[in-house]
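Report on the following structure.
Letters A, B, ... mirror the listed sequences (proteins, then strands); counts begin at 1. From a predicted model like this one, the values you see are computed outputs, not experimental measurements.
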Amino acid sequence: MENEKIARYFNEIADILEIRGENPFRIRSYRNAARTLEDMSENAASLVGEGADLTKLPGIGGSIADKIKEIVKTGKLTFLHDLKKELPSGLPELLKIEGIGPKKVKLFYEKAGVSSIDRLEKAARAGKLHGLFRMGEKSEEKIIKAIENYRKGAGRFRLDIGFTYARAITDYLKPLKGVGELISAGSLRRRRETIGDLDILAICAKKSAPDLMERFVKYDDGEEVIAHGSTKSSIRLTGGLQVDLRVLEKKHFGAALLYFTGSKAHNIALRKRAQGMGLKVSEYGIFRKEKMIAGATEDDSYRSLKLPWIPPELREDRGEIEAAEKGKLPDLIELKDIRGDLQMHTTASDGKNTIEEMARAAKKLGYEYIAVTEHSKAVKVAGGLDEKALAAHLKLIDKANARLSGIRVLKGVEVDIMGDGTLDLKDSILKECEVVIAAIHYKFNLSEKEMTKRIIRALQNRYVNIMGHPTGRLVLEREPYPVNIEEVIKTAVNEGVVMEIDAHPSRLDLNDVHARMAKEMGAKLSIDTDAHAASQLELMQYGVFTARRAWLTKKDVVNTHPLKKLLAFLNR
DNA sequence: GCCGTTTTCGGCCCGACTGTTTTCAGTCG
């Protein structure tokens, strides 16, 4: 059973308890436990199977540990089942409507018989809500609008899309007089694979702030002004993305950046730590009583809490504060550490550029090598190569190398893993390749057991070097195929196969949690763009972001090796 | 419901904005 599923049980409990108005700290406990489950790399069900002590996990005590065991063993949770009986099933969903919290849900249910989103909409349109406690006509309008937005499913956006929006809006705000630095904080700065909104922080003289806010709420691409205050405003763009702008003075910059970068969990952990030291942390600074002792920079903010600066990618409360405390933060990999790209396609299959064009583009990026890895014949739609075509293609790579200087093109292939775990091409041709990536493009609908067995068999082929986009997921579009990734990584470690982080922002596969698990299990990783055009080689940065979020250092990633060392590694 | 370098009981992060109010509750991040 997936951790996410268990986490969902606890979030449901929290929702229902909130609506019932129970002790907020008890509710938070359930949410904390859910988050622990979502973030941890080990599988909770496996831990239960091994008889591990779950109360060792943060935020999980005796009561919740028992509930986890019950869920794992029976697939059900009596406590939740009983809770659900007491309220209409549509109530928790109402919490997803912007501006509606547990108190309103309770109010609407008890005083207006609202038990679902449809009924809420009807009640709002019929004017049956104003007159209730602190409810006016404007509140009804907001609810109708919020329900429309919810139905549109604005949801989350891919990181690369987020960057595009962020750049456009900061370019728009920058020319205004009095505006200093403009920084996109939030999940974008932490380089999460998706973002829920944009948090833009502006350093601005006090007297220019109103003008900045005025300009912001009039942004061309804005569809709706959600809030318009003197230090904080929010708009929704036509595409559905919410953008928050926060204005602060320079002396608060560090504390503000820290606060708005998050994550929320990281901030809460910092604040708890501060409390223990007799300090208080807010977006304005770090305070002892009324006196501000730090906050101008992130560095001095962390230092006042007796911590080194923590890279934004690590700020998820996944152990970074403890590591920082002990001076054991990883020396994270950087884009400049990458010396080559080991997965890409050319015009020989479904790419847009030739071998030489790809090589020259890679050389411009400062690379020493690339591997050209066409699809194999099973991927018919992409013009995959059979043994004969691949043999001819490898000769073309030799010829290209003869003409090129300052960069080496490695002979590679992205060979498909068939349904039974055999490979789409014969060993005799794989043997001729310097880089063999094995990957799945078909038959996703196997059981977890079959899929795991299939992949393990493929990784046992002696010529396979890299497991390509190992879970097959597409960000926001397709769930991963069912697979026991722990078993796959274990096999990869034993067989000397590298686990890939496919850097394309629509894949990022492995993801951060799995890549960290791979590192901890002793696997090596590669970060490859899977570029289908020369311009896409620049997507490497997204893979590096994910690697950083996975705590990877230069030495965990094989394509940081110089060519010689890489070749030695591949010829294991 | 969880947690403990002062605690096994009594805490549990902090502040802005909105809509409704004459001082604040609710929601959000």
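At B:dC17, none of the side-chain N or O atoms of A:Ser233 fall inside 4.0 Å of OP1 or OP2 (strictly under the cut-off). At B:dG19, none of the side-chain N or O atoms of A:Ser139 fall inside 4.0 Å of OP1 or OP2 (strictly under the cut-off). Listed pair A:Lys264 / B:dC28 fails the phosphate criterion, with no side-chain N or O lying under 4.0 Å from OP1 or OP2. Distances shown here put a side-chain N or O of A:Arg26 below 4.0 Å from the OP1 or OP2 atom of B:dG1. The side chain of A:Arg28 places an N or O atom within less than 4.0 Å of a non-bridging phosphate oxygen (OP1 or OP2) of B:dC13.
Atom pair A:Ile143:CD1 and B:dT18:P shows a separation of 17 Å (rounding to whole Å applied). At whole-Å resolution of the value, CG in A:Leu201 and C1' in B:dA16 are 14 Å apart. Taking atom CZ of residue A:Phe133 and atom C1' of nucleotide B:dA25, one finds them 6 Å apart after rounding to whole Å. Counting to the nearest Å, the C1' atom of B:dG19 and the CG atom of A:Leu129 are 14 Å from each other. Rounded to an integer number of Å, the gap from CG of A:Leu257 to P of B:dG29 is 19 Å. Here the P atom of nucleotide B:dG26 and the CD atom of A:Glu18 are 13 Å apart, to the nearest Å. Rounded to an integer number of Å, the gap from A:Tyr259 OH to B:dG15 P is 9 Å. To the nearest angstrom, P of B:dC13 lies 15 Å from CZ of A:Arg31.
The side chain of A:Lys104 approaches B:dG26 more closely than any other nucleotide in the set B:dG26, B:dC13, B:dC28. The nucleotide whose nearest atom lies closest to any side-chain atom of A:Lys103 is, among B:dC28, B:dG26, B:dG1, B:dG26. With B:dG15, B:dG29, B:dT20 as the candidates, the nucleotide lying closest to the side chain of A:Asp199 is B:dG29. Closest approach to the A:Pro102 side chain among B:dC2, B:dC12, B:dT27 is made by B:dT27 (side chain taken as heavy atoms from C-beta onward). With B:dG19, B:dC28, B:dC2 as the choices, the nucleotide that has an atom nearest any side-chain atom of A:Lys142 turns out to be B:dG19. Closest to the side chain of A:Ala227, from the set B:dA16, B:dT18, B:dG1, is B:dT18.
A:Ile13 comes within 4.0 angstrom of no nucleic acid atom, judged by non-hydrogen atoms across all strands. Nucleic acid contact for A:Leu270: none, since no nucleic acid atom lies under 4.0 Å from a heavy atom of the residue. Heavy atoms of A:Asn267 sit nowhere under 4.0 angstrom from any nucleic acid atom. Here A:Glu22 lies out of heavy-atom contact (under 4.0 Å) with every strand. Within 4.0 Å of A:Pro24, counting heavy atoms only, lies no atom of the nucleic acid at all.
Here, B:dT22 and B:dC12 have their C1' atoms 32 Å apart, quoted to the whole Å. B:dG15 sits 31 Å from B:dC9 when the P atoms are compared, rounded to a whole Å. Taking atom P on both nucleotides, B:dT23 is separated from B:dC28 by 25 Å, rounded to a whole Å. Taking atom P in both B:dT5 and B:dG1, the straight-line distance is 23 Å, to the nearest Å. Taking atom P in both B:dT21 and B:dA16, the straight-line distance is 24 Å, to the nearest Å. Nucleotides B:dT6 and B:dG11 have their C1' atoms positioned 13 Å apart, rounded to a whole Å. When the C1' atom is used for both B:dT27 and B:dC13, the distance is 16 Å, rounded to whole Å.
In this structure, B:dC9 forms a base pair with B:dG4, meeting either the Watson-Crick or the G-U wobble geometry with both donor-acceptor distances under 3.5 Å.
Pairs of residues two or more places apart, or lying in two chains, never qualify as side-chain hydrogen bond (donor to acceptor under 3.5 Å, both in side chains) while including a residue from residues 161-179 of chain A.
Checking A:Ile68, A:Ile60, A:Leu80 one by one against A:Phe10, the side chain to side chain contact (heavy atoms under 4.5 Å, CB included) holds for a single residue, A:Ile68.
Inter-residue side-chain proximity for A:Ile321 and A:His266 is flagged as met; some heavy-atom pair is nearer than 4.5 Å.
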Under a 4.0 Å heavy-atom criterion, the protein footprint on nucleotides 3-11 of chain B, written with B, S and -, is S--------
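Each of A:Phe260 and A:Tyr284 lies near DNA chain B, and the nucleotide nearest A:Tyr284 is the one positioned closer to the 5' end. Sequence order on DNA chain B of the closest nucleotides to A:Arg246 and A:Lys138 puts A:Arg246 first from the 5' end.
Evaluation of atom-type donor-acceptor distances gives no pair under 3.5 Å for the side chain of A:Asn32 against the base of B:dG1.
With a 6.0 Å cutoff to the six-membered ring centre and a 45° limit on the axis angle, A:Lys111 does not count as a cation-pi contact of A:Phe133.
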Run the salt bridge (Lys or Arg N to Asp or Glu O under 4.0 Å) test on A:Arg125 and A:Glu148 for me, step by step, so that the C-alpha distance in whole Å, both residues' side-chain angles and the decisive distance to 0.1 Å come before the verdict. CA-CA 12 Å; A:Arg125 287 192 191 279; A:Glu148 277 171 14; 3.8 Å; yes
For A:Glu70 and A:Thr78, what are the C-alpha separation, side-chain angles and deciding distance, and is it a side chain to side chain donor-acceptor pair (under 3.5 Å)?
CA-CA 9 Å; A:Glu70 185 187 342; A:Thr78 318; 2.7 Å; yes
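Between A:Glu93 and A:Tyr150, the side chains place a donor N or O and an acceptor N or O closer than 3.5 Å (distance only, hydrogens not considered). Side-chain polar atoms of A:Asp512 and A:Thr546 form no donor-acceptor pair below 3.5 angstrom. Residues A:Asp509 and A:Thr471 have side chains that bring a donor and an acceptor to within less than 3.5 angstrom of each other. Checking A:Asn32 against A:Ser29 by side-chain atom types alone, no donor-acceptor pair falls below 3.5 Å.
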